[in-house]
**Q** 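Could you have a look at this structure, given as structure tokens, before my questions?
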Amino acid sequence: MAKYVISEGVPLRGSVRVDGAKNAVLPIIAASLLSESKSIIEEVPDLNDVRIMCDLLRCLGTDVQKQSDPTTISFETKEITNSTAPYELVNKLRASFLVMGPMLARTGYVRVALPGGCPIGSRPVDLHLKGFSALGAEITQGHGYIEARKNKKLVGNKIYLDFPSVGATENIMMAAVMAEGQTIIENAANEPEIVDLASYLNEMGAIVVGAGTDTIRIEGVTSMKGCTHTVIPDRIEAGTFMIAAAITNGEVRIENVVPDHLKPVVAKLKETGLEISEELSAITVKSIGGLKPIDVKTLPYPGFPTDMQAQVTSMLSCIPGTSMVIETIFENRFMHISELKRMGANIKIDGRTAVIEGKPCLTGACVKATDLRAGAALVLAGLAAEGATEISEIQHIDRGYSGFAEKLKSLGAKITRVED
Ligand code: EPZ
């Protein structure tokens, strides 16, 4: 296992470029299964989650080839040679479940290991299955696997999502693109990653309208073809670096961003008094201290993203005064808090609410990453803490941040990665 060692906190200065979005590229890779011709995906981030998704597609029959530019990967599935997404892969990557929709659409049968829960919550898939059933698939469960089969073509239908689930919206979209007639997804997720997937599907020949709104309409087509697609930038990686600048009282220019995707994060961080300036595809964050405490509530997009909750909790722990963080999306996404308390943070949890009494400075300590964003939050706290911090179990961080230590080091951070 590897760990990060941060010898001391220093203000970060300079510029950093974020990669393609993990949560856009994972469904897009799955969607490449919809065609037997080749797709070329650009701006693919170098992440463990992406490697697992590529392994899964290879297991289903896809020829996956990295191009000369390592962030460009081609996917060509001339024939589906296996209809099962095995437990050992699905267990490592929940997003593997996103192959269900495209496999159902392409072959009419798919068997996927039930994705377990994960540290942040039980993460059911009932809304995904509700959508597949509405399209005419027969769903059976047993021995830890879910099977979906269609006896004839899938037929478009109107589907209301009880919750605007990102994954369910994506899976149903992919299942519906070659169904007979029109599918309407109501109370759909609006996230930018949904829009990017819809763009890719339309470039493949689908007819998807309304992505980015609560209602998405899909007109079934008879076939899909491979294409070239560039993945949108990762708004959560960008937001993480924004907070790195804020928490260390530094000044950082974050490049390769879509400012519009960061609107809820920018709005909230500006409430603390943080100086944030936007360009066409870059954001600069500058802090000279004296920030004010704020209240944050996570909500589906365009609300404040749950994937930024742990990071902003670290930041508010270092702003004197009382802040409040409410996590409405996942039932157990406060595991970073016990580790922050080991660094001197004063935080009380009451159900889904965390009340933070911020301090001028945390103290370095040995802490443990419990999940992807919690790990990132602990790195941010260590970058600002007095004294040395060690973060262990950083394989969680490798899932969603490529070259994290290198990027931070290029901004002046005193961080090294130590392989045990
Ligand atoms: C996606 O997960 C992201 N992952 C998550 O990012 C992100 O936190 C989440 O969306 C919310 O924005 C990827 O895109 C790969 P959901 P997903 O379905 O699709 C409930 C990260 O750190 N729900 O929108 O699994 C569920 O329990 C990761 O990058 C059902 O009840 O999220 C949860 O409470 C973490 N039934 C809520 O909806 C279902 O069938 C949100 O889940 C599906 C979901």
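Heads up: numbering here begins at 1 and tracks the sequence. One-based numbering, in listed order, for ligands and for the atoms of each.
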**Q** Using distance alone, with no hydrogens and no angle criterion, decide if Asn190 and Asp214 have a side-chain donor and acceptor under 3.5 Å apart.
**A**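 Yes.
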**Q** With a 4.0 Å heavy-atom cut-off (strictly under), which part of Glu237 contacts ligand 1: side chain, backbone, both or neither?
**A**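 Neither; nothing of Glu237 gets under 4.0 Å from ligand 1.
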**Q** Considering only NZ, NE, NH1 and NH2 on the basic side and carboxylate oxygens on the acidic side, decide whether Arg417 and Asp398 come within less than 4.0 Å.
**A** yes
**Q** Run down the list Ala168, Ser96, Ala24, Pro124 and name the one with the heavy atom closest to atom 43 (C) of ligand 1.
**A** Pro124
**Q** Are side-chain heavy atoms of Ile207 and Ile218 found at a separation under 4.5 Å?
**A** no
**Q** For atom 11 (C) of ligand 1, what's the nearest protein heavy atom and its distance?
**A**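 Answer, as residue, atom name and distance: Thr306 CG2, 3.9 Å.
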**Q** I'd like to know if Glu419 and Lys3 make a salt bridge, using a cut-off of under 4.0 Å between side-chain N and carboxylate O.
**A**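 No, this pair does not count.
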**Q** Counting only non-hydrogen atoms of the protein, does one fall under 4.0 Å from atom 20 (C) of ligand 1?
**A**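 False for atom 20 (C) of ligand 1.
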**Q** Show which atoms of ligand 1 fall inside a sub-4.0 Å distance from at least one heavy-atom site of Phe163.
**A**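 Near Phe163, meaning under 4.0 Å from one of its heavy atoms, ligand 1 has 37 (C), 38 (O), 41 (C).
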**Q** Taking only heavy atoms of Leu127 into account, list the atoms of ligand 1 that are under 4.0 Å away from them.
**A**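 Per the distance check, 36 (N), 39 (C), 40 (O).
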**Q** Might you point out which heavy atoms bring Pro86 and Leu56 nearest each other, and give the distance in Å?
**A** CD-CD1, 4.0 Å
**Q** With no hydrogens and no angle check, do the side chains of Thr306 and Thr298 hold a donor and an acceptor under 3.5 Å apart?
**A**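 Side chains of Thr306 and Thr298: no pair found under 3.5 Å.
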**Q** Is it true that Glu271 and Lys268 have a side-chain N and a carboxylate O under 4.0 angstrom from each other?
**A** yes
**Q** Considering distance alone, does some N or O of Asp126 sit under 3.5 Å from an N or O of ligand 1?
**A**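 Yes, since at least one N or O of Asp126 sits under 3.5 Å from an N or O of ligand 1.
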**Q** Assess, by modelled atom type and distance only, whether the side chains of Asn171 and His128 contain a donor and an acceptor separated by less than 3.5 Å.
**A**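 Note: Asn171 and His128 side chains meet the donor-acceptor criterion.
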**Q** Kindly confirm or rule out a cation-pi arrangement of Arg111 over Tyr145, judged by NZ or CZ under 6.0 Å from the six-membered ring centre and within 45° of its axis?
**A** yes
**Q** Ligand 1 versus Ile329, non-hydrogen atoms closer than 4.0 Å: side chain, backbone, both, neither?
**A** both
**Q** At a non-hydrogen distance cut-off of under 4.0 Å, which region of Leu372 contacts ligand 1 (side chain, backbone, both, or neither)?
**A**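 Leu372 to ligand 1: side-chain contact only, backbone stays beyond 4.0 Å.
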**Q** Using a distance-only test with no angle check, is there a side-chain donor-acceptor pair under 3.5 angstrom linking Glu43 and Thr71?
**A** no
**Q** Could you list the atoms of ligand 1 found under 4.0 angstrom from a heavy atom of Arg94?
**A** 25 (O)
**Q** In the protein, which heavy atom is nearest to atom 32 (O) of ligand 1, and how far is it?
**A**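 Ranking protein heavy atoms by distance from atom 32 (O) of ligand 1, first comes Phe330 CZ, 4.1 Å.
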**Q** Quick one: which of Gln309, Lys368, Lys341, Arg373 gives a side-chain hydrogen bond (donor to acceptor under 3.5 Å, both in side chains) with His336?
**A** Gln309
**Q** Give the atoms of ligand 1, by number and element, whose distance to some non-hydrogen atom of Lys22 is under 4.0 Å.
**A**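 That gives atoms 21 (C), 29 (O) of ligand 1.
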**Q** Who gets closest to atom 24 (O) of ligand 1 by heavy atom: Leu129, Asp371, Val166?
**A**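 Considering heavy atoms of Leu129, Asp371, Val166, the nearest to atom 24 (O) of ligand 1 sits in Val166.
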**Q** Cut-off 3.5 Å, side chains only: do Gln311 and Thr240 have a donor facing an acceptor?
**A** yes
**Q** Check each atom of ligand 1 against the heavy atoms of Arg123 and keep those under 4.0 Å away; list them by number with element.
**A**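 Under 4.0 Å from Arg123, ligand 1 has these atoms: 2 (O), 17 (P), 25 (O), 27 (O).
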**Q** Looking only at distances, can you tell me whether any N or O atom of Arg373, backbone or side chain, sits closer than 3.5 Å to an N or O atom of ligand 1?
**A** yes
**Q** Could you tell me which atoms of ligand 1, counted from 1 in the order shown, lie closer than 4.0 angstrom to a heavy atom of His128?
**A** 40 (O)
**Q** Starting from atom 15 (C) of ligand 1, locate the nearest protein heavy atom and write down its residue, its atom name and how far away it is, to 0.1 Å.
**A**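 Going by distance alone, atom 15 (C) of ligand 1 is nearest to Asn23 OD1, 3.4 Å.
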**Q** By number and element, which atoms of ligand 1 are closer than 4.0 Å to a non-hydrogen atom of Arg333?
**A** 8 (O), 22 (O), 35 (C)
**Q** Can you name the closest pair of heavy atoms from Tyr401 and Leu47 and give their distance?
**A** N-CD2, 3.4 Å
**Q** Quick one: does Gly167 get an N or O within less than 3.5 Å of an N or O on ligand 1?
**A**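 Yes: some nitrogen or oxygen of Gly167 is under 3.5 Å from one in ligand 1.
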**Q** Does an N or O from Asp307, backbone or side chain, lie closer than 3.5 Å to an N or O of ligand 1?
**A**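 Right, the criterion is met.
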**Q** Measure the distance from atom 18 (O) of ligand 1 to every protein heavy atom, then report the residue, atom name and distance (to 0.1 Å) of the closest one.
**A**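 Protein heavy atom with the smallest distance to atom 18 (O) of ligand 1: Ser165 OG, 2.7 Å.
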